[in-house]
2 protein chains.
Amino acid sequence: MPYDPSAFPPFAVTVDLVVLTVRRHALCALAVRRGEPPFQGRWALPGGFVRADEDLAQAAARELAEETALRAHDQTVPAPDNGAHLEQLATYGDPKRDPRMRVVSVAHLALAPDLPAPRAGGDASYARWAPVDELLQQSGYGRDEEPVAPLAFDHAQILADGVERARSKIEYSSLATAFCPTEFTVGELRRVYEAVWGVALDPRNFHRKVTGTPGFLVPTGGTTTRQGGRPAQLFRAGGATLLNPPMLRPEV
Amino acid sequence: MPYDPSAFPPFAVTVDLVVLTVRRHALCALAVRRGEPPFQGRWALPGGFVRADEDLAQAAARELAEETALRAHDQTVPAPDNGAHLEQLATYGDPKRDPRMRVVSVAHLALAPDLPAPRAGGDASYARWAPVDELLQQSGYGRDEEPVAPLAFDHAQILADGVERARSKIEYSSLATAFCPTEFTVGELRRVYEAVWGVALDPRNFHRKVTGTPGFLVPTGGTTTRQGGRPAQLFRAGGATLLNPPMLRPEV
DNA sequence: GATCATAGTCGTCTGCCTGACGATAAACAC
DNA sequence: GTGTTTATCGTCAGGCAGACGACTATGATC
């Protein structure tokens, strides 16, 4: 395998982002509208070329910042500030995935707390948070009866892979806290699990489980009633990243 | 982000392989000796350029076949024949990971049963199975007091990531059977877990666990005494790919 | 052939975790 | 105050895992 520079075909390398958050009890992803062919006018995942002097993680963090003003937080560590969790997802390199040329895309997965409207590059209709169910139902209809075209390129596959990664990873890691603000209640954390998994969880058993797992949650001392009802204790994410024993996702 | 062909830097894209097997109670990886600079004479992971018309998985399967004469089996499905399990691992793209040019490597993980000596491209000392402990201890000494140089490029990191993936994945999937021949005994499967995790497992509890998990193992009816002692039942991998509940890796 | 070593297989028991609840507490809306 | 909502504490039964005893069936050794 000689590394003769003339012996290998040139590739374009991009990063694409699956940015997930939980809004109004639904798992949502960031989507941008394509302004040019191919797939002009269709929704796609945010992304862009990796620069010549840039690491893959740097490129993903840069794209994330450009789209959301989120500081990317280095992977594997739960975000202590309001930075998002960012980790590499998978790489997609089908020769025909981009009709114009050979593009290999290194997809990354970002998990963020609920944010204000996405910041667009000056264009209001450029980017939006869309429920993943809506983005993934091919040619289906969204909540307001508007027809939804499939995502551009192979982005539906990438999004599905990212969602599946998030679903399984909150089972055995403390990553669900990345969907929450710095301080949160047990109920808010439970609603994250319910939104991501799409199931209802028993509040009493959930409370016992998460408060009984050492290192998962640390109480801040404060309370809040922002959810209504009895005031709830506020917690911050503890240092533990791996949950042992894991949270159990209920039956299919 | 226009796709102007002059606007993106060209990359070389390679696949590198972490090929794991279990030999003599030790987890081993396939290593090849580099015949040219950089890192000439050092051990490295097998790999090569992705061709212009080739998918990433195809490239990985081709490289695997060239190095080991293993038919690659498509990912997520446990190999029913003697093909190896193959799945994408992660992508490594540090700008300085190859001193000559910008190379992005899509690493793949392959799990194979114990094989005869690796097939080299005519050169006997070209490739070998090496215990991962030996390959990963930087500048350490191998079993026979021979000094071991670190792997070339960032291959130590890639190998470590692959080993960690294998360690965690046999917990909740039936992937450990990919290390076994088509027919195997419960004891042989247990020794796979022991080698990969580096721990001792109770044979009685292990037997109860794996035979009690529906879809994991199907008896073939035959028995064997190739391990000595009382004849053991032979099994084949069942259809189940996900183990629920998972195998529990003992405490650190 | 008796004995031993080696592996495999079946049971038992105990502790822990989970799921399924009941019950109580503390806020807000009327 | 009454009702509603959410949070939090308890209780109980079933299931699974770890620890370990007991028995079986082969080959090796004397």
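Per chain, numbering begins at 1; letters A, B, ... match sequence-line order. Note that this is a predicted model, so its numbers are computed, not measured.
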If I take atom [atom1] in residue [X] and atom [atom2] in nucleotide [N], what distance separates them, rounded to the nearest angstrom?
X        : N      : atom1 : atom2 : result
B/Leu217 : C/dT9  : CG    : P     : 11 Å
B/Asn244 : C/dG19 : CG    : C1'   : 15 Å
B/Leu201 : D/dA17 : CG    : C1'   : 12 Å
B/Met247 : D/dC16 : CE    : P     : 14 Å
A/Leu189 : D/dA7  : CG    : C1'   : 14 Å
B/Arg190 : C/dG8  : CZ    : C1'   : 9 Å
B/Asp202 : D/dA22 : CG    : C1'   : 14 Å
B/Glu194 : C/dA7  : CD    : P     : 11 Å

What's the closest nucleotide to the side chain of [X] if the choices are [options]?
X        : options               : value
B/Leu248 : D/dA17, C/dA27, D/dT8 : D/dA17
A/Gln233 : D/dT8, C/dA7, C/dT18  : D/dT8
A/Asn205 : D/dG18, C/dA7, C/dA20 : C/dA20

Think [X] has a side-chain N or O under 4.0 angstrom from the OP1 or OP2 of [N]?
X        : N      : result
A/His207 : D/dT8  : yes
B/Arg191 : C/dG8  : yes
A/Lys209 : C/dC17 : no

Quiz prompt | Candidates B/Tyr193, B/Trp129, B/Phe179 - the one meeting side chain to side chain contact (heavy atoms under 4.5 Å, CB included) with B/Val22 | solution = B/Phe179
Quiz item: Does a donor on one side chain and an acceptor on the other come within less than 3.5 Å for B/Glu87 and B/His85?
Solution: yes
Practice problem: Ignoring hydrogens and angles, state whether a donor on the side chain of B/Gln137 or B/Asp133 is under 3.5 Å from an acceptor on the partner side chain. | Solution: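 Absent: no donor and acceptor within the cut-off.
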Quiz item: Any side-chain heavy-atom pair from B/Pro203 and B/Arg190 closer than 4.5 angstrom?
Solution: yes
Exercise. Check every strand shown and say whether A/Arg226 touches a base, only sugar-phosphate, or nothing at a heavy-atom separation below 4.0 Å.
Key: nothing
Side-chain donor/acceptor of [X] to base of [N], under 3.5 Å:
X        : N      : value
B/Arg208 : D/dG18 : yes
B/Arg204 : C/dG11 : no
B/Arg230 : D/dT24 : yes

Self-check item: B/Val186 or A/Thr225, whichever maps to the more 5' nucleotide of DNA chain C
Solution: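 Of the two residues, B/Val186 wins.
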Quiz item: How close do A/Leu56 and B/Tyr92 get, heavy atom to heavy atom, and via which atoms?
Solution: CD1-C, 4.0 Å
